[in-house]
Number of protein chains: 2
Amino acid sequence: MIVRTTAECDGTDREVVDPHGNWVSKRIVLGGDGVGFSFHETTINAGSVNEFHYANHIEAVWLVEGTGTLTDGETGQVYPLGPGSMYLLNGHERHTVTADTTMRMFCVFNPPVVGTEVHDENGVYPLVSVPPQSGRHRATPDA
Amino acid sequence: MIVRTTAECDGTDREVVDPHGNWVSKRIVLGGDGVGFSFHETTINAGSVNEFHYANHIEAVWLVEGTGTLTDGETGQVYPLGPGSMYLLNGHERHTVTADTTMRMFCVFNPPVVGTEVHDENGVYPLVSVPPQSGRHRATPDA
C-alpha cells in the first residue's frame with residue numbers, strides 16, 4: 001500500500017509545468033509505481049488553448065471544475081466541457097482543449113507515463129520505460 | 001474518442017449502489033471500453049465504516065472532498081484522509097475506509113472492472129471478462 005498527498009508532488013519530479021505556462025500536471029501515480037497506469041491531476045489556466053496528441057498512450061480525462069471545449073482534431077467535432085465531463089482518447093486522436101475558466105481534471109494514462117517523456121520530432125511523446133530523473137521537468141511532457 | 005458525463009451514468013449499469021446504503025459508485029470507463037482500466041467516481045456517506053478487499057485488482061483512490069481514515073488491514077496502520085490524499089492498493093490489501101464527512105473520490109482499477117462482479121464465497125471480487133448486463137446493479141460489486 002502506498003499513501004501520498006497531492007501536496008507531496010509539489011516541487012518534485014511529479015509536478016510538471018507547461019513551458020508555455022498554460023497548465024500544471026501532478027502525477028501521483030507514475031510508471032515507476034508498477035501498477036500499469038499513471039494518474040495525474042492537471043490544472044489548465046483560464047483563457048488558454050492547448051493542442052495535445054498522445055500517439056502512444058490512451059488517456060481518460062474527467063473534469064472536476066471549470067468549463068471550456070474539446071475539439072477532436074480528426075473530425076473537427078466540438079464538445080462542451082464542464083464539471084462531470086469525461087473524454088476518453090481511445091484512438092490517439094489529436095485534440096484541442098480550450099479553457100474558458102480554470103479547469104481541474106483527473107487523468108489516467110495507459111501505458112503509464114514514466115515522467116521523462118518529451119516531444120519527438122513529430123510532436124509525439126515516445127514510450128519510455130526508464131525511471132524518472134531528479135529535478136522538476138519543464139520540457140513539454142504529457143499533461 | 002468517447003465523450004460522456006457523470007450524469008449520464010445515473011440509473012444505468014454504470015451507477016452501482018452499495019446494498020448497505022453506504023456508497024455509490026459511478027463507472028464512467030468500464031472494461032467494455034477496452035482501454036485496460038476502469039475509472040470510477042465513488043461517494044461514501046459520512047459516518048460509514050467500509051471494509052474492502054480486491055484480491056484480483058489493483059486500485060488507486062484519490063480524494064477530492066471529505067475527511068476520514070484508511071486502515072491497512074494487513075498491518076493495522078491508520079492513515080488520515082482528506083482532499084488530495086491518494087492511496088494505491090498495489091498489494092491487494094484488505095482495508096477499511098471510515099468516512100468522518102461525506103467523501104468523494106476518483107478510483108482507477110487495473111484490470112478494469114467490467115460491471116458484473118459480485119463477492120465470491122471468500123468476500124473477494126472475481127475477474128470477469130464478460131460485458132455488463134442491463135439493469136442497475138445492487139449486488140456488492142467493486143466501489
Side-chain angles (χ1 to χ4, degrees), chain A residues 1-10 14 26-30 32-41 57-65 69-75 77-95 104-112, chain B residues 1-10 14 26-30 32-41 57-65 69-75 77-95 104-112:
Chain A
M1 181 182 294
I2 294 171
V3 182
R4 297 181 179 131
T5 66
T6 310
E8 290 170 6
C9 297
D10 294 351
R14 295 179 179 276
K26 301 186 181 189
R27 293 92 172 269
I28 208 157
V29 177
L30 279 170
D33 293 313
V35 295
F37 58 85
S38 60
F39 198 9
H40 312 184
E41 179 181 350
H57 300 82
I58 287 169
E59 185 193 22
V61 175
W62 208 345
L63 261 75
V64 179
E65 298 172 3
T69 56
L70 166 72
T71 303
D72 183 335
E74 312 298 331
T75 66
Q77 188 163 353
V78 179
Y79 302 90
L81 296 178
S85 295
M86 190 285 300
Y87 59 90
L88 178 61
L89 301 162
N90 58 344
H92 308 290
E93 295 90 348
R94 296 173 193 276
H95 59 290
R104 181 178 169 217
M105 53 221 334
F106 287 86
C107 313
V108 183
F109 282 82
N110 176 19
Chain B
M1 182 182 294
I2 295 170
V3 183
R4 297 182 179 130
T5 66
T6 310
E8 290 171 6
C9 298
D10 295 350
R14 295 179 179 275
K26 301 186 181 189
R27 292 93 172 267
I28 208 156
V29 177
L30 279 171
D33 292 312
V35 294
F37 58 85
S38 59
F39 199 9
H40 312 182
E41 179 181 350
H57 300 82
I58 287 168
E59 186 193 21
V61 175
W62 207 346
L63 261 76
V64 179
E65 299 173 2
T69 56
L70 167 71
T71 303
D72 183 334
E74 312 297 331
T75 66
Q77 189 164 354
V78 179
Y79 302 90
L81 297 177
S85 296
M86 190 284 301
Y87 59 89
L88 178 60
L89 302 163
N90 58 344
H92 307 290
E93 295 90 347
R94 296 173 192 276
H95 59 290
R104 181 179 169 215
M105 53 225 327
F106 286 87
C107 313
V108 183
F109 282 83
N110 176 20

| query | Do Asn90(A) and Asp33(B) have side-chain heavy atoms sitting under 4.5 Å apart? | reply | no

| said: Is Leu70(B) close to chain A through its backbone or its side chain, or both, or neither, when contacts mean heavy atoms under 4.5 Å? | reply: side chain

| request: Give the minimum heavy-atom separation between Val29(A) and Ala60(B), together with the two atoms involved. | output: CG2-CB, 4.5 Å

| field | Residue among Arg4(B), Gln77(B), His95(B) with most heavy-atom pairs under 4.5 Å to chain A | value | Arg4(B)

| Would a distance-only check, ignoring hydrogens and angles, find a side-chain to backbone donor-acceptor pair under 3.5 Å from Asn110(B) to Val35(A)? | yes

| query | Is chain A contacted by the side chain of Ala7(B), its backbone, both, or neither, given a heavy-atom distance below 4.5 Å? | reply | neither

| query | By a 4.5 Å heavy-atom criterion (distance strictly below it), what part of Val108(A) contacts chain B: side chain, backbone, both, or neither? | reply | both

| Taking the six-membered ring for Trp, are the ring centroids of Phe106(A) and Phe106(B) within less than 6.0 Å of each other? | yes

| field | Value rounded to 0.5 Å, distance of CG in Leu89(A) from CE in Met1(B) | value | 5.0 Å

| field | Contact leader toward chain A among Ile2(B), Thr6(B), Thr5(B), where contacts are heavy-atom pairs under 4.5 Å | value | Ile2(B)

| said: Can you tell me which portion of Phe39(A) sits under 4.5 Å from chain B's heavy atoms? Options are side chain, backbone, both or neither. | reply: both

